[in-house]
Amino acid sequence: MFEFIKNHISEKIYTNLQEFDVKFDVDEARSYEFGDFATNAAVIIAKKRGVSPKEVADEIAALFEDDKYLEASVAGIFVNFRIREDVLKEFVNSSLESIEVSKLGLNKWHLEFGSVNPTGPVSLGHARQAAIGDTLARVLRFLGVDVVTEHYSNDAGRQVNLLTMSFIVRILEKKGENVALPEDAYHGDYLSEFASRLLEQDEDLLDMAQNGGFEGDWKVVFDIAQNLDMEFLSKVAGLLGDNSGEKKENAEKGDVSEEEMFREKFELLKNFIVSVCRGWILQTFKRFRVTFDKVFSEKTLHLSGALKEVFENLQKAELVYFKDGAYFLKTTEFGDEKDRVLIRSDGTPTYFLSDLAYHLDKYRRGFDYYITVLGQDHHEYAQRLAIGLKALGIEADKFKVVLHQFVNLKEGGKVVRMSKRSGKFVTLDELMNKVGVDPIRFFFVSKSNNSHIEFDVELAQSQTTENPVYYIQYVHARICGIERKLTEKGIVLETAFDGKLDGIKRHLVWQLIKFEKALWLVLNSLSPHHLVSWLMETADIFHKLYTEVKVADNPEYWPLFALARKYIAQGLDLIGVEAPERM
RNA sequence: GCGCCCGUAGCUCAGCUGGAUAGAGCAACGGACUUCUAAUCCGUAGGUCGGGGGUUCGAAUCCUCCCGGGCGCGCCA
């Protein structure tokens, strides 16, 4: 409806005034008092013609004298439009059937978000990323887009080796060994807990691992854990290349098969603990009402030779050179300030190379757009990635990165520093335990992506009733309450609207029409907060209407309430927040 | 030093593809529950839109400089 009327206005002006080469705006009027829509066409066209804006404004207004949908009025240099009452009524009655919005068409979009190293719990930063990504996915789907959501799991490389090493240390601790956790290891308590549960053969831990993709033999993992010793740990340390000075001399002498066996054990342990962490992460996201169509493992790219292929393609294109023992990509040829390493001097691929392989994989799966939601700290990386994609010769402008600012946690008026490796942070699970899902999902998408968020834990706990999310949910609960009450009394509720649409009642209908505008704003900015603004405004108008119109005495207004509930429920669903029937 | 983002009411933030008196929530103050849930409503108060300059008929919005804050500038991911 919104987009339809908008187009109707501009088309009518273009067609009748024949000003094809000017660009003017048609949008919602600045204030509801002025009208529903407004255009600045008069001032733009007047300037071009060299006449007064008033003259053109009158001309435009005259065009709409017998318009089917609108009545126009001139206010200074603007022309304002009001939708006719019968058109509004028609909107109400058809929307009671189903909410219709202009669709985007048959686009296929790929959305990647909530991608995290499977090395620990979900942090608040990732939670914001997931809330944004999931809301975008829901909105896009509502707009008719074919969406695939994907979680990319960085389960290869040094970080997961470090994780495994930390896990081994924790197991040894449980077995009574006197070991210290290295500085750069993962210090969170969860690994210690997982170690205990593994040694106790806790079935729930196995479940978690299997949810995270573990397919190995659980008994074997248990055996390995049982028989871990300090020697094993020292071999692991060598594997990490921590002490680069003492490159393994034992490799020369050591029994090859023994070395292979050690490797195998290490890989299995790694596979297990990585799967546990990934299962945990996915479980947390699920609780946060975020699910993914696909979980993509970085490791599979290494195993399939995808990295090698990308590297060789770049080599063939003569974009790679060898220097200081490492292979560099000539990103400077594409505007980067310096060239980037693809393969390190120790022969291992960088994250950059595997990420290029990952994006090529996405590209080959064939989408119209590829969205990646990342924290603001990745902004420079995002640019480099775009450059890398150009080097690969794929359509880089189909890839869009949505950056969001951080979540700062405040406790006692102080900003809490969060770091995963130190284990000092508040996790999404903990926060959900404290305040529930709804306030968090709501809060994380209620500000623009570019805006920093200050999350005050105490405030969230102590003042939950003052959270705006309840203001919106209360609309839904109130309407459900009325319906219950009236139905109990045996009052038959109207299913079609034919009352008078004036004052606040008309304002509400207009607000519901603007739902479509809010969705398109989300689409164009890829920032979900516009939808929350709409929800707030809608709740505001509804609560006013509620005090003004007593449906019990005026049952003819019931369809307006029913419609408000429908829209509020839809809006809340799109941001992943529940619409309760009572509060 | 370079790059990205931010600076709007006491607090947290909308508004930024230029337009008509700058908005909301919270906090403050004063009212409204024998009436569909007061987790609500009505009212009051609160702003040189960080600062200077520029473009324009018109700037919170665009350009530029300055000040202040966050983040990033690895053969980490």
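Note on naming: letters A, B, ... go to the chains in the order of the sequence lines (proteins, then strands), and numbering restarts at 1 for each one.
Using a 4.0 Å cut-off between charged nitrogen and carboxylate oxygen, A/R158 and A/D184 count as a salt-bridge pair. A salt bridge links A/K517 to A/D27: one of the charged nitrogens lies within less than 4.0 Å of a carboxylate oxygen. At a threshold of 4.0 Å, the pair A/E112-A/K362 counts as salt-bridged, since one of the basic side-chain nitrogens sits closer than that to a carboxylate oxygen. Between A/R441 and A/D438 no salt bridge is recorded (no basic side-chain N to carboxylate O distance below 4.0 Å).
Annotation: proximity of residues 347-361 of chain A to RNA chain B (heavy atom, distance under 4.0 Å) is found for A/Y351, numbered in ascending order.
The residue A/E581 sits close to a base: some heavy atom pair falls under 4.0 Å. Contact annotation for A/L342: no contact, since no heavy-atom pair falls under 4.0 Å across all strands. Within 4.0 Å of A/S345, counting heavy atoms only, lies at least one base atom of the nucleic acid. Note on A/N80: a base of the nucleic acid sits closer than 4.0 angstrom, heavy atoms only. Within the nucleic acid shown, A/V532 has no heavy atom closer than 4.0 Å to any nucleic acid atom. No engagement by A/F561 is indicated, since no non-hydrogen atom pair under 4.0 Å with the nucleic acid exists. Using a 4.0 Å heavy-atom criterion, one finds that A/V549 contacts the bases of the nucleic acid, with or without backbone contacts as well. A/A382 comes within contact range of no nucleotide atom at all, as no heavy-atom separation falls under 4.0 Å. A/E483 comes within contact range of no nucleotide atom at all, as no heavy-atom separation falls under 4.0 Å. Within the nucleic acid shown, A/K544 comes within 4.0 Å of sugar-phosphate atoms alone, with no base atom in reach, counting heavy atoms only.
Judged by a 6.0 Å distance limit and a 45° cone about the ring axis, A/R82 is positioned over the six-membered ring of A/Y32.
For A/Y474, whose side chain is taken as the heavy atoms from C-beta onward, the closest listed nucleotide among B/A24, B/U40, B/C42 is B/U40. Among the nucleotides B/G74, B/C36, B/A38, the one closest to any side-chain atom of A/K485 is B/C36. Residue A/A552 has its side chain nearest to B/C36 when only B/A20, B/C75, B/C36 are considered. Each of B/A39, B/C75, B/A77 was ranked by its minimum atom distance to the side chain of A/H378; first place goes to B/A77. Distance from the side chain of A/D377 is smallest for B/C71 among the nucleotides B/C71, B/C36, B/G19. Distance from the side chain of A/E298 is smallest for B/A77 among the nucleotides B/A77, B/U40, B/G19.
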### Task
Using a 3.5 Å limit on both pairing distances, list the dot-bracket string of RNA chain B from the 5' end; Watson-Crick and G-U wobble pairs count, crossing pairs take [ ], interstrand pairs take |.
(((((((..((((.....[...)))).(((((.......))))).....(((((..]....))))))))))))....
At a cut-off of 3.5 Å, list every protein nitrogen or oxygen paired with a nitrogen or oxygen from nucleotides 15-18 of chain B, distance to 0.1 Å.
{"unit_1": "B/G15", "atom_1": "OP1", "unit_2": "A/H529", "atom_2": "NE2", "d": "2.8"}
{"unit_1": "B/G15", "atom_1": "OP1", "unit_2": "A/H530", "atom_2": "NE2", "d": "3.3"}

Please list, pair by pair, any protein nitrogen or oxygen found under 3.5 Å from a nitrogen or oxygen in nucleotides 4-6 of chain B.
{"unit_1": "B/C4", "atom_1": "O4'", "unit_2": "A/H379", "atom_2": "NE2", "d": "3.3"}
{"unit_1": "B/C4", "atom_1": "O2", "unit_2": "A/Q376", "atom_2": "NE2", "d": "2.8"}
{"unit_1": "B/C5", "atom_1": "O2'", "unit_2": "A/Q405", "atom_2": "NE2", "d": "2.8"}
{"unit_1": "B/C5", "atom_1": "O2'", "unit_2": "A/N450", "atom_2": "O", "d": "3.2"}

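Residues satisfying the side chain to side chain contact (heavy atoms under 4.5 Å, CB included) test with A/P555, not counting sequence neighbours, are none. Remark: A/F34 pairs with no residue by the ring-ring contact (aromatic ring centres under 6.0 Å, His included) rule, at least two apart or across chains.
In this structure, the CD1 atom of A/I541 is 15 Å from the C1' atom of B/C41, given to the nearest Å. In this structure, A/F406 places its CZ atom 18 Å from P of B/G69, rounding to the nearest Å. Residue A/L535 contributes atom CG, which lies 14 Å from atom C1' of B/A14 at whole-angstrom precision.
Rounded to the nearest Å, the gap between the C1' atom of B/U12 and that of B/G51 is 24 Å.
The distance from atom CZ of A/F561 to atom CZ of A/R478, rounded to the nearest 0.5 Å, is 9.5 Å. How far CG of A/L560 is from CZ of A/F497: 4.5 Å, rounded to the nearest 0.5 Å.
Here A/Y381 does not count as stacked on B/G72, because the ring centres are not under 5.5 angstrom apart with planes under 30°. Per the stacking criterion (ring centres < 5.5 Å, plane angle < 30°), A/F78 stacks onto the base of B/A20.
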